[in-house]
Amino acid sequence: MYTELDQLYNMDIIRTNFNQEKLLQELLISNLVDSTTIKIPKSRYFDTVTDTHEHIYYLEHGIAHLSYKKKSLAVLIDHQFIGLGTVLDFQEKTFDIQAYTECELLMFDRKQVMELLFSMQEGMLYLYLYEKDLQKTLLEKIDLLYQKGTVRLTKTFQTLCHACGDISKDGHWVSIPRCFTIKRIADMTNLSPRSVSDFSEELIAKKIIKKEAGQFIINHEKLNKLNSKNKKCN
């Protein structure tokens, strides 16, 4: 079905008209779908607070982490759906979602979302775009795991800088949220905590990063140059 959509629709049009923000508005104004605001405390897994088999979530505020069989898949940050791809999947879900910070969510019943999408003439395009972006994320993750350990770490730092970093007044340094500990970055990069620590010390010596009170702070200009150099070498 998705192959046919590739042939029928322009991707730019789909991204403009069927993105996650547009879907959220459709859900909020629909009489078919109820929504509830919930909060997941920091460090808790979603399934200890709510039934992740029966619901789809929109992350309004916070940072969460998606894993499958204890393998890191993705970091989830403000303003995106979680679990939308399970709308058509009636089997038991096996992914885990952990709140890295307190997460504020809009919660929707999965079956109600499915009913709404089926009632819309082009409702499946929302799922198509979500799956397309998720596939891209997973392919990037696979590509990352083929890289050397130092490259994995620097690319992960770069991704976090763009996704959730707080830039300094002078514009040179970007602070990564404190929730990204050595242990969690090790999980994201499939490295040991010791390797992350050792590679970080090398980057600190080169003044590419620094660490203050357990928080990673990145010189994004130097990091970008290093990643560009590594890309050319590959």
Practice prompt. Evaluate the side-chain proximity of Ile38 to Thr50: yes if any heavy-atom separation is below 4.5 Å, no if none is.
Written response: yes
Worksheet item: Just wondering, do Thr154 and Leu203 contact through their side chains at under 4.5 Å, heavy atoms?
Response: yes
Practice prompt. Using the test salt bridge (Lys or Arg N to Asp or Glu O under 4.0 Å), find all partners of Asp51 that sit at least two apart in sequence or belong to another chain.
Written response: none
Item to complete: Output yes when a side-chain donor or acceptor of Ser119 lies under 3.5 Å from a complementary backbone atom of Leu116, and no otherwise.
Response: yes
Worksheet, complete the sentence: Note: Tyr100 and Lys42 closest approach over all heavy atoms is O-CG, 3.6 Å
Practice prompt. Answer yes or no: is there a donor N or O on one side and an acceptor on the other, between the side chain of Thr48 and the main chain of Arg44, under 3.5 Å?
Written response: no
Response to the item:
On a heavy-atom basis, the closest approach of Thr101 and Gly62 is OG1-CA, 3.4 Å
Worksheet item: Asn19 side chain to Thr16 main-chain N or O, any donor-acceptor pair under 3.5 Å?
Response: yes
Item to complete: May I ask you to test the Ile182-Lys211 pair for a side-chain heavy-atom distance under 4.5 Å?
Response: yes
Item to complete: Assess whether atom NZ of Lys39 is packed by more than 12 heavy atoms of other residues, nucleotides or ligands within 6.0 Å.
Response: no
Worksheet item: Out of curiosity, Thr189 OG1 to Phe199 CZ, how far, rounded to the nearest 0.5 Å?
Response: 9.0 Å
Worksheet item: Is there a donor-acceptor contact under 3.5 Å from the side chain of Asn224 to the main chain of His220?
Response: yes
Worksheet item: Does Lys111 come within less than 4.0 Å of Glu115, counting only side-chain N to carboxylate O?
Response: no
Item to complete: Mind checking the CD-CD1 spacing from Glu202 to Ile208? Nearest 0.5 Å is all I need.
Response: 10.0 Å
Practice prompt. Could you state whether Ile167 and Ile218 fall into the same hydrophobic cluster, counting links through intermediate Ile, Leu, Val, Met, Phe, Trp or Tyr residues with side-chain heavy atoms under 4.5 angstrom apart?
Written response: no
Fill in: His65 side chain near Arg184 side chain, heavy-atom distance below 4.5 Å
no
Discussion item. Suppose we call two aromatic rings close when their centres sit under 6.0 Å apart. Are Phe46 and Tyr57 close by that rule?
Written reply: yes
Worksheet item: Going hydrophobic residue to hydrophobic residue with side-chain gaps under 4.5 angstrom, can you get from Leu138 over to Leu144?
Response: no
Practice prompt. Step through the shown structure and confirm whether more than 12 heavy atoms of other residues, nucleotides or ligands are within 6.0 Å of CG on Asp170.
Written response: yes
Fill in: Pairwise side-chain contact, Ser35 with Leu28, heavy-atom cut-off 4.5 Å (strictly under)
yes
Response to the item:
Nearest heavy-atom approach of Gln215 to Ser175 is NE2-CB, 3.7 Å
Practice prompt. Please answer: with hydrophobic residues joined when any side-chain heavy atoms are less than 4.5 Å apart, are Ile204 and Trp173 in the same cluster?
Written response: no
Item to complete: Test side-chain contact (heavy atoms from CB on, under 4.5 Å) on Leu76 and Ile97 and set out the steps.
Response: CA-CA 9 Å; Leu76 309 167; Ile97 312 164; 4.3 Å; yes
Practice prompt. Determine, step by step, whether Leu23 and Tyr130 satisfy the side-chain contact (heavy atoms from CB on, under 4.5 Å) criterion, reporting the C-alpha distance in whole Å, the side-chain angles of both residues, the deciding distance to 0.1 Å, and the verdict.
Written response: CA-CA 10 Å; Leu23 176 58; Tyr130 180 85; over 6 Å; no
Practice prompt. Indicate, with yes or no, if the rings of Phe216 and Phe157 have centres closer together than 6.0 Å.
Written response: yes
Worksheet entry | Heavy-atom closest contact (Pro41 atom, Ala99 atom, distance) | O-CB, 3.5 Å
Worksheet item: Ile185 and Leu153: which non-hydrogen atoms are nearest, and at how many Å?
Response: CG2-CD1, 3.6 Å
Fill in: Pairwise distance CG(Leu59) to CG(Leu105) - rounded to 0.5 angstrom
5.5 Å
Worksheet entry | Separation of Leu32 CG from Leu117 CG (nearest 0.5 Å) | 10.5 Å
Worksheet item: Are Thr36 and Met107 side-chain neighbours, meaning at least one heavy-atom pair lies under 4.5 Å?
Response: yes
Discussion item. Holding to salt bridge (Lys or Arg N to Asp or Glu O under 4.0 Å), I want the full list of residues that pass it with Lys183, two or more places apart in sequence or in another chain.
Written reply: Asp187
Fill in: Output field: ring centroids Phe81/Tyr58 closer than 6.0 Å
yes
Worksheet item: With a 4.5 Å heavy-atom cut-off, do Ile217 and Ile209 have their side chains touching?
Response: no
Discussion item. Is there a path of hydrophobic side-chain contacts, each under 4.5 Å between heavy atoms of I/L/V/M/F/W/Y residues, joining Phe108 to Tyr126?
Written reply: yes
Worksheet item: Would you say Ser30's side chain and Glu26's backbone share a donor-acceptor pair under 3.5 angstrom?
Response: no
Response to the item:
To the nearest 0.5 Å, atom CZ of Arg178 lies from atom CD of Glu212 at 8.5 Å
Discussion item. Strictly distance-based, threshold 3.5 Å: is any side-chain N or O of His55 a donor or acceptor partner for the main-chain N or O of Gly83?
Written reply: no
Worksheet item: Which residues pass the salt bridge (Lys or Arg N to Asp or Glu O under 4.0 Å) test with Asp166, sequence neighbours left out?
Response: none
Item to complete: Examine distances only and state if a side-chain atom of Thr156 and a backbone atom of Arg152 form a donor-acceptor pair shorter than 3.5 Å.
Response: yes
Fill in: Verdict with reasoning, Ser192 to Ser195, per side-chain hydrogen bond (donor to acceptor under 3.5 Å, both in side chains)
CA-CA 5 Å; Ser192 69; Ser195 293; 3.0 Å; yes
Worksheet item: Distance only, no hydrogens: is a donor on one side chain within 3.5 Å (strictly under) of an acceptor on the other, for Thr52 and Tyr45?
Response: no
Worksheet, complete the sentence: Interatomic distance, OG@Ser72 vs CG@Asn190, rounded to 0.5 Å, equals 9.0 Å
Worksheet item: Are Ile56 and Ile77 connected in the hydrophobic side-chain network, where two residues link if heavy atoms are under 4.5 Å apart?
Response: no
Item to complete: Locate the shortest heavy-atom distance separating Glu60 from His79; write the atom from each residue and the value.
Response: O-CE1, 3.4 Å
Discussion item. Check this for me, if you would: do Arg15 and Asp133 make a salt bridge, where the nitrogen-to-carboxylate-oxygen distance has to be below 4.0 angstrom?
Written reply: yes
Practice prompt. Output, in order, the C-alpha distance, side-chain angles, deciding distance and verdict of side-chain contact (heavy atoms from CB on, under 4.5 Å) for Ile40 and Glu102.
Written response: CA-CA 6 Å; Ile40 308 291; Glu102 181 182 73; over 6 Å; no
Worksheet item: Taking it one step at a time, do Leu226 and Lys222 satisfy side-chain contact (heavy atoms from CB on, under 4.5 Å)?
Response: CA-CA 6 Å; Leu226 178 61; Lys222 291 183 178 180; over 6 Å; no
Worksheet item: Considering only heavy atoms from C-beta outward, does the side chain of Leu73 approach that of Lys141 to under 4.5 Å?
Response: no
Worksheet item: Does the pair Lys225 and Glu221 meet the rule for a salt bridge (Lys or Arg N to Asp or Glu O under 4.0 Å), with working shown?
Response: CA-CA 6 Å; Lys225 288 180 181 178; Glu221 294 170 345; over 6 Å; no
